[in-house]
Amino acid sequence: MRFRRLGGVALGVLWSLGVATAWAGDADPPSRRAVRGAVSAVLDAGVPAAAVVIETPRHTENLSDGYANIEREYPRMRLRERWRVGGVSKAYTAAVVFRLVESGVLGLGDTVAKWLPGLLPAGGDITVEELLGQTTGLVDYSTTDAFVAAITPSTKVDLPPQTLLGFIAGLPLLFAPGSTYAYSNTNAIVLGLIVEAATGQAFESELATQVTDPLHLQRTVLPEVLDLVRPRTRGYDFPVRGAGNPRDVTRAYSPSLAWTTGSVVSTALELGRFLRARMAGRVFGPSLVETSIATLRPGDSEPKGPGRNQAGLGIFEYRIPGCGTLYGHTGEYPGYRAYAATTRGGQRSVVVLVNVTNLDTEQEQRLDELWRLASCRALQAR
C-alpha cells in the first residue's frame, strides 16, 4: 500500500540490480553465503536491518543482520523482535473470513449490503469473494484527498473504519465488480466490518479466536495503540528517497489508519508459521485453500513480489523463474517492508523484513534481489 507523502514522511507505505550473483536457475540453488551476501548488500545501501528466515522440512535458517535501533546500535536483530507487517495483514484478515465461511457464518457470495446495509452505495453488487480477490472496483481510501486532509494535522489521529469508508462513499466504482483486478486497501476494511457484523465481536477478538490462538502465535496482534510492545524493531523513513537521516516513525501513525488492511504486528518466525499453516490447510480446510487459488488472475501485490505475480483470494502466487512457485503476501507500513511466502503444501517458507521505507531505486533493486535469492533458497535448499 502506497500513500502520498506528508511532511516528508511516507503515507503510502501504510500497509502496502546492485547485487551481483553467480547463481542461475539451471545451477545449484543459492547458498546460505549468497543470501547473506544479499543481506549485506541491502545493509550497505543504507537499510538499518533485515530479518531473513528460511524454513525447510529439515532446518530453520536465520540470516538476519543489522540493528533494530540505529540510535543505540542495539539490540542486534533477533527473531523475537516485533515488526509491523503492513499489507501482509490482509492475509490474516482473509484467514478470519475463510474460517467463518468454513463454519457457515459467512458465504463467499454474500454481499456487502447483506451484512452492512447502506454502508456503501454499491454494497448490493459487491461480494465477499470480490473483496478477497481485489476485484470490487472500490477506490482506495488511502489515496483520496479527504483521507490526506484528515491526517494532515496529525497522523496519530484515531479514524474508525466507518470514517475510512466515508472517504470513498460518494465516489463511483472504478469498474464493474468482478470484471478486473485493482489492489485497494478499502477491501480489507470492508471485510473487517463484515466480520464484526456477522459475529457480533470486535475483529481483534475474532483474529485471536479464529487464527492466532489456535496457532499459538503469541506475538501476532492487531494493536489499538501506537506503542509497539518490546522486544521490537524500530521503523524508519528516509526524508528523501533513500537518503538523509532516517526518521524514527515507530510510533508516528495510529494503527486505526490501516486497521485490517495493514496494522498487524508479528515476528519473522510467526509470519512463516502462519503462512505454512494457512497453505497446509491447518487454519481452514484444504478445500478452501484450493478455492483461494483456483481462480488466480494477473495482479501484483503491493509492493510487487518476486517473479510473476498472480492474485488469489487473500493470497498471491509468486512464480520465480528457475526456482518454483510460492504463495504469500507483501506489505508496507511507515518504517517497515515485509515479504512472506510459502510453498503450496506449507512445507517451506521465506520471510524477509526490513525496517526503513521511502527507498531509492538502487535500494529497491537490492531488496528485490534479496527477496529472489531467499525465495529460491527456500524452494530448493536441501
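For the pair Arg372 and Glu369, the salt-bridge criterion is met [side-chain N within less than 4.0 Å of a carboxylate O]. Between Arg276 and Glu55 there is a salt bridge, since a side-chain N of the basic residue sits under 4.0 Å from a carboxylate O of the acidic one. One finds a salt bridge joining Glu364 and Arg337 here, because a Lys/Arg side-chain nitrogen approaches an Asp/Glu carboxylate oxygen to under 4.0 Å. Taking 4.0 Å as the cut-off between side-chain N and carboxylate O, Arg247 and Asp237 do not count as a salt-bridged pair. Using a cutoff of 4.0 Å between basic side-chain nitrogens and carboxylate oxygens, Glu61 and Arg377 are scored as salt-bridged. Ion pairing of Glu81 with Arg232 is absent here, as no side-chain N (NZ or NE/NH1/NH2) approaches a carboxylate O to less than 4.0 Å.
A donor-acceptor contact closer than 3.5 angstrom links the side chains of Glu317 and Tyr327. Inspection of the Ser301 and Thr330 side chains reveals an N or O donor paired with an N or O acceptor under 3.5 Å. A donor atom on one side chain and an acceptor atom on the other are not found under 3.5 Å apart for Glu130 and Thr135.
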task = May I have the step-by-step check of side chain to side chain donor-acceptor pair (under 3.5 Å) for Thr261 and Lys90, ending in yes or no?
result = CA-CA 5 Å; Thr261 204; Lys90 296 177 181 67; 3.1 Å; yes
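Between Tyr92 and Phe274, the ring planes lie parallel to each other; the angle is under 30°, not in the 30° to 60° tilted range.
Side-chain atoms of Ser292 never come within 3.5 Å of backbone atoms of Leu313 as a donor-acceptor pair (strictly under, hydrogens ignored). With Arg273 contributing its side chain and His216 its backbone, the two residues share a donor-acceptor pair below 3.5 Å.
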